Structures are given as structure tokens and as C-alpha cells.
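Because the structure is a prediction, the values reported are computed rather than measured.
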Amino acid sequence: MTVALMWEARAAEGRGAQLLAWVRRQELTPAPLRRETLRAPQDRVLVITWWDAPYDAPLPELPEPPAESVTRAVHRWRFEAVADG
């Protein structure tokens, strides 16, 4: 089964580049099958990781960033892949 974890944070005013750099430095052990980092308006940063694991498996997740670099708590979601069709 493939599980995708999504991690999304919104940077404090003027700290978008700082948050993005912080996210890129965060390592996950073990490493996921795939990892993508995206950004959006309002200095939002999204990280999606894919894992070969059961839906409820304990998986490493990105931590909360430093409080002064974000406007709110991180949002997290977990999804499982389904067959197309």
C-alpha cells in the first residue's frame, strides 16, 4: 500500500524563504519513497512524502517549525493511494 503524508505551514510575514530553507534541511529517517516540496502564495509551504506502508503505520514526519517563523500550527493529512478506474 502507498501512503502519502502531507505537511503544510504558512510562514510569518516576510519569512517565506526562511521557512522553505528550514523545511529543506529537515531529514526523515528512514527516507520516504518520494518527497516533494511546493510553495504557494501567502508564503505557504507544502511537503508531500510517499511511503510503502500500511495506512496506520508509524512513519517519520516533519516537526513543527520554529514558532516565530509561522503564523499557525502546521496542518497534517494522511492519505492512501487507490486504484484509478
Side-chain angles (χ1 to χ4, degrees):
M1 171 183 292
T2 301
V3 175
L5 302 183
M6 297 177 68
W7 178 102
E8 186 263 339
R10 184 171 174 194
E13 184 72 31
R15 295 189 182 231
Q18 176 186 350
L19 178 62
L20 184 58
W22 179 88
V23 164
R24 288 178 164 166
R25 288 192 306 271
Q26 303 309 302
E27 293 186 24
L28 296 171
T29 303
L33 297 172
R34 182 174 159 197
R35 175 177 170 163
E36 286 190 44
T37 303
L38 302 99
R39 64 181 174 180
Q42 299 177 331
D43 288 327
R44 289 178 290 143
V45 176
L46 173 67
V47 178
I48 307 170
T49 56
W50 285 264
W51 306 86
D52 181 17
Y55 182 81
D56 58 353
L59 297 168
E61 295 194 45
L62 293 172
E64 290 285 329
E68 67 275 3
S69 64
V70 293
T71 61
R72 57 169 167 73
V74 168
H75 290 176
R76 300 170 193 270
W77 302 273
R78 184 177 286 225
F79 295 89
E80 64 181 330
V82 295
D84 289 333

Suppose the criterion is salt bridge (Lys or Arg N to Asp or Glu O under 4.0 Å): which pairs have a residue in residues 50-67, not counting sequence neighbours? Glu61-Arg76, Glu61-Arg78, Glu64-Arg76

Evaluation steps, side-chain contact (heavy atoms from CB on, under 4.5 Å), between Trp22 and Val70: CA-CA 11 Å; Trp22 179 88; Val70 293; over 6 Å; no

Which pair of heavy atoms, one from Gly14 and one from Asp43, lies closest together, and at what distance? N-OD2, 4.2 Å

dist Arg10:CZ -> Arg15:CZ (nearest 0.5 Å) comes out at 14.5 Å

Give the minimum heavy-atom separation between Val3 and Pro54, together with the two atoms involved. CG2-O, 3.5 Å

Heavy-atom count check: over 12 atoms from other residues, nucleotides or ligands less than 6.0 Å from Glu13 CD? no

Does atom CZ of Arg44 have more than 12 heavy-atom neighbours, drawn from other residues, nucleotides or ligands, at distances under 6.0 Å? yes

Can you give me the closest heavy-atom contact between Ala11 and Thr71, atom names plus distance? O-CG2, 3.3 Å

Do the side chains of Trp50 and Pro32 get nearer than 4.5 Å, heavy atoms only? no

Indicate if Val74 and Val45 have the same hydrophobic cluster label, given that clusters are the connected sets of ILVMFWY residues with side-chain heavy-atom separations under 4.5 angstrom. yes

Does the pair Glu8/Arg72 count as a salt bridge with the N-to-O cut at 4.0 Å? yes

Would Leu5 and Leu59 count as a side-chain contact (heavy atoms from CB on, under 4.5 Å) here? Give the steps. CA-CA 9 Å; Leu5 302 183; Leu59 297 168; 4.0 Å; yes

CG-CH2 distance between Leu46 and Trp77, expressed to the nearest 0.5 angstrom: 7.0 Å

For the residue pair Leu19 and Ser69, what are the closest heavy atoms and their distance? CD1-OG, 4.4 Å

One pair to check against side-chain contact (heavy atoms from CB on, under 4.5 Å): Arg35 and Val47. What are the steps and the verdict? CA-CA 7 Å; Arg35 175 177 170 163; Val47 178; 4.0 Å; yes

Approximate separation, where rounding is to 0.5 Å, of Trp51 CH2 and Leu33 CG: 8.0 Å

State the CE-CZ distance between Met6 and Phe79, to the nearest 0.5 angstrom. 5.5 Å

Test Val23 against Trp7 for side-chain contact (heavy atoms from CB on, under 4.5 Å), laying out the working first. CA-CA 10 Å; Val23 164; Trp7 178 102; 3.5 Å; yes

